[in-house]
Amino acid sequence: MPTSFPPGFVWGAATAAYQVEGAVHEDGRTPSIWDTFCRTPGKVLNGDTGDTATDHYHRRAEDVRLMSELGLGAYRFSVSWPRVQPTGKGAASRSGLDFYRRLVDDLLAHGIKPVLTLYHWDLPQELETAGGWPARDTAHRFADYAELVARALGDRVDSWATLNEPWCSAFLGYAAGIHAPGRTDDAAALRAAHHLNLAHGLGARALRATLPRGARIAVVLNPNAVRARTTSPGDLDAQRRIDALSTRIFTGPMLRGAYPADLIADTAGITDWSFVHDGDTSVIKHPLDWLGINYYAPSVVSATTDNHPSPAPSPYPGAQSVTFHQPPGPRTAMDWTVDPTGLHDLLMRFTHEAPGLPLAVSENGAAYDDTVDARGAVRDPDRIAYLHGHFDAVLRALGDGADVWGYFVWSLMDNFEWAYGYSKRFGIVYVDYSTLARTPKASAGWYRDVIRAGRVLPVPTG
Ligand code: IFM
């Protein structure tokens, strides 16, 4: 295993528009599905909203300075669709785009590479009202939006991702209903997944046609590192089903140009897949320049042995025969098991499944119940240990032949954690939500030192 990261390895941090920007009513921005969802009683913990979030919209310059002090080489952010194209169609909002022009200019002035994601879950509400992701037209609207952003920022951003974690958009949003728009309709969720795939393909095509030569186009997925509890045929079949519903439903058409036959068979009782039109899968299989992998924790599944599946709507349509188990090991504040081997497994999986396709760890990190001590410091040794383990996993994958160009910690700062509101802190920078003051946590200092050294440093003791 190598002891240091290759020269040029990119160290970054990630955020997403709705989680940090705030300013939801400014400069012509219209509501997104998350603005609506947050106002639906009982959907988001404590009734929290992204109205102010971390106020990044107004504190952009300060935040970029902070990134520079941390030695970040790249910043992965998302563009808010309803901010730059209010209502999801038609003309661009100049003031909305200006925010991102200024952000990118600030980043470049500090030597920080901008990595732009077009869609991190904030669909303009008007498009949801018109049918949302289950409607095919939304994919075409996305392609128009992609072109509009590419025209505005293509001269200064060279790394682009179409979608972030389309699995969450489709299945948490339309099947489980625990994310916006909060629908619980399995057939609609499968249609949504296809139209997200199509949006990716059409969007990537629009980017390629609009961006200067040399732009690097990607999609960011959260493939599931799913393991069978035992090697029994039932448990292995449970693993296969969840792998199809969480990962191959996207990588099948994107990397191979076809939906997996077992997925179509498993979901035959829910849909006949007639929403996949001739030619769609070749659009979706648009050549990629890199693939973003978001990883937090593995899953463990078995065949269901009791006859009482959970009454809550599941994010896995047609998988009532599968039970999820908490993997062993320490857990984060999200109750997610800390297990870096899942990251190594995923990096090696895509090294083999997509030979020659460069990979990035586009999100990885952990929430803990951080507090500010009497001296004003935030000591987060568990997060440092988490990052340490995952950096080692990346190094091991590099040694095993994976082509990984960068790593983005989730997140630069504490922010709006979707249905959990502000209760979960993922940042390496602490945000005091009453003053919005930023305080780098101990993990931020450790990360800065790792970036400087280009190798994994020991976890500080004491
Ligand atoms: O906060 C989210 C992010 O928006 C998408 N990936 C997972 C993170 C932690 O839940």
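In this chain, numbering begins with 1 at the start of the sequence shown.
- Note that the CZ atom of Arg191 and the OG atom of Ser274 stand 9.0 Å from one another [nearest 0.5 Å].
- Of the N and O atoms on the side chains of Tyr420 and Asp48, not one donor lies less than 3.5 Å from an acceptor on the other residue.
- At a cut-off of 3.5 Å, with distance as the only test, no side-chain donor of Ser314 or Gln320 sits close to an acceptor on the other residue.
- For Arg205 and Glu147, the salt-bridge test fails: no basic side-chain N is under 4.0 Å from an acidic carboxylate O.
- Remark: the Arg141 side chain and the Thr87 side chain contain no N/O donor-acceptor pair separated by less than 3.5 Å.
- In this model, a donor atom of one side chain and an acceptor atom of the other lie less than 3.5 Å apart for Tyr75 and Thr15.
- Remark: Ile428 CD1 to Leu72 CG distance equals 6.0 Å, nearest 0.5 Å.
- Of the charged side-chain nitrogens involved, at least one lies within less than 4.0 Å of a carboxylate oxygen, so that Arg240 and Asp266 count as a salt-bridged pair.
- The side-chain heavy atoms of Trp81 and Leu123, taken from C-beta on, include a pair separated by under 4.5 Å.
- Using a 3.5 Å distance cut-off with no hydrogens or angles, the side chains of Gln125 and Thr36 do pair a donor with an acceptor.
- For Arg227 and Asp345, the salt-bridge test passes: some basic side-chain N is under 4.0 Å from an acidic carboxylate O.
- Using a 3.5 Å distance cut-off with no hydrogens or angles, the side chains of Glu165 and Asn294 do pair a donor with an acceptor.
- Looking only at atom types and distance, the side chain of Thr162 has a donor-acceptor partner in the side chain of His200 under 3.5 Å away.
- No side-chain N or O of Thr337 forms a donor-acceptor pair with one of Asp339 less than 3.5 Å apart.
- Between His179 and Trp34, the gap from one ring centroid to the other is short of 6.0 Å.
- Judged by distance alone, the side chains of Asp55 and His58 do bring a donor and an acceptor atom under 3.5 Å apart.
- Screening Leu118, Thr210, Val157 for a side-chain contact (heavy atoms from CB on, under 4.5 Å) with Val149, the sole residue that qualifies is Leu118.
- One side chain, Arg76 or Thr117, offers a donor N or O that lies under 3.5 Å from an acceptor on the other.
- Counting non-hydrogen atoms of other residues, nucleotides and ligands closer than 6.0 Å to CZ of Arg101 gives a total above 12.
- Rounding to the nearest 0.5 Å places CG of Leu221 at 11.5 Å from CD of Glu363.
- In the model, Tyr407 has a side-chain atom that pairs as donor or acceptor with a side-chain atom of Asn364 under 3.5 Å.
- Using bins of under 30°, 30° to 60° and over 60° for the plane-to-plane angle, the ring pair Tyr422/Tyr433 lands in the tilted bin.
- Between Asp137 and Lys89 there is no salt bridge, since no side-chain nitrogen of the basic residue lies less than 4.0 Å from a carboxylate oxygen of the acidic one.
- In summary, the side chains of Thr247 and Asn224 do not present any donor paired with an acceptor at a separation below 3.5 Å, with no hydrogens or angles considered.
- Residues Arg256 and Glu353 are paired through a salt bridge, judged by an N-O separation under 4.0 Å between the basic side chain and the carboxylate.
- Between Phe416 and the options Trp121, Phe426, Tyr18, a ring-ring contact (aromatic ring centres under 6.0 Å, His included) holds for only Tyr18.
- In this model, a donor atom of one side chain and an acceptor atom of the other lie less than 3.5 Å apart for Asn197 and Tyr259.
- Here the rule is side-chain contact (heavy atoms from CB on, under 4.5 Å) with Leu359, and of Val394, Asp403, Thr351 only Thr351 fits it.
- Interatomic distance, CZ of Arg248 versus CD1 of Ile242, reported as 11.0 Å (0.5 Å rounding).
- The CZ atom of Arg383 sits 9.5 Å away from atom OG1 of Thr332, with the distance rounded to the nearest 0.5 Å.
- Salt bridge annotation for Arg60-Asp106: present, with a cationic side-chain nitrogen under 4.0 angstrom from a carboxylate oxygen.
- In this structure, Tyr368 and Lys424 have side chains that are not in contact, with every pair of non-hydrogen atoms separated by 4.5 Å or more.
- When the options Phe275, Trp167, Tyr174, Tyr119 are evaluated for a ring-ring contact (aromatic ring centres under 6.0 Å, His included) with Trp133, the one that passes is Tyr119.
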### Task
Please test Asp380 against Ser443 for side-chain hydrogen bond (donor to acceptor under 3.5 Å, both in side chains), starting from the C-alpha separation and ending with a verdict.
CA-CA 6 Å; Asp380 55 345; Ser443 57; 2.5 Å; yes
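- Between Asp370 and Lys441, at least one side-chain nitrogen of the basic residue sits less than 4.0 Å from a carboxylate oxygen of the acidic one, meeting the salt-bridge criterion.
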### Task
Determine, step by step, whether Leu97 and Arg83 satisfy the side chain to side chain contact (heavy atoms under 4.5 Å, CB included) criterion, reporting the C-alpha distance in whole Å, the side-chain angles of both residues, the deciding distance to 0.1 Å, and the verdict.
CA-CA 8 Å; Leu97 283 171; Arg83 192 182 292 292; over 6 Å; no
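- One finds a salt bridge joining Lys113 and Asp158 here, because a Lys/Arg side-chain nitrogen approaches an Asp/Glu carboxylate oxygen to under 4.0 Å.
- Ion pairing of Arg241 with Asp237 is present here, as a side-chain N (NZ or NE/NH1/NH2) and a carboxylate O approach within less than 4.0 Å.
- A donor atom on one side chain and an acceptor atom on the other are found under 3.5 Å apart for Thr304 and Thr323.
- When ring centroids are compared, His120 and Phe77 stay outside the 6.0 Å threshold.
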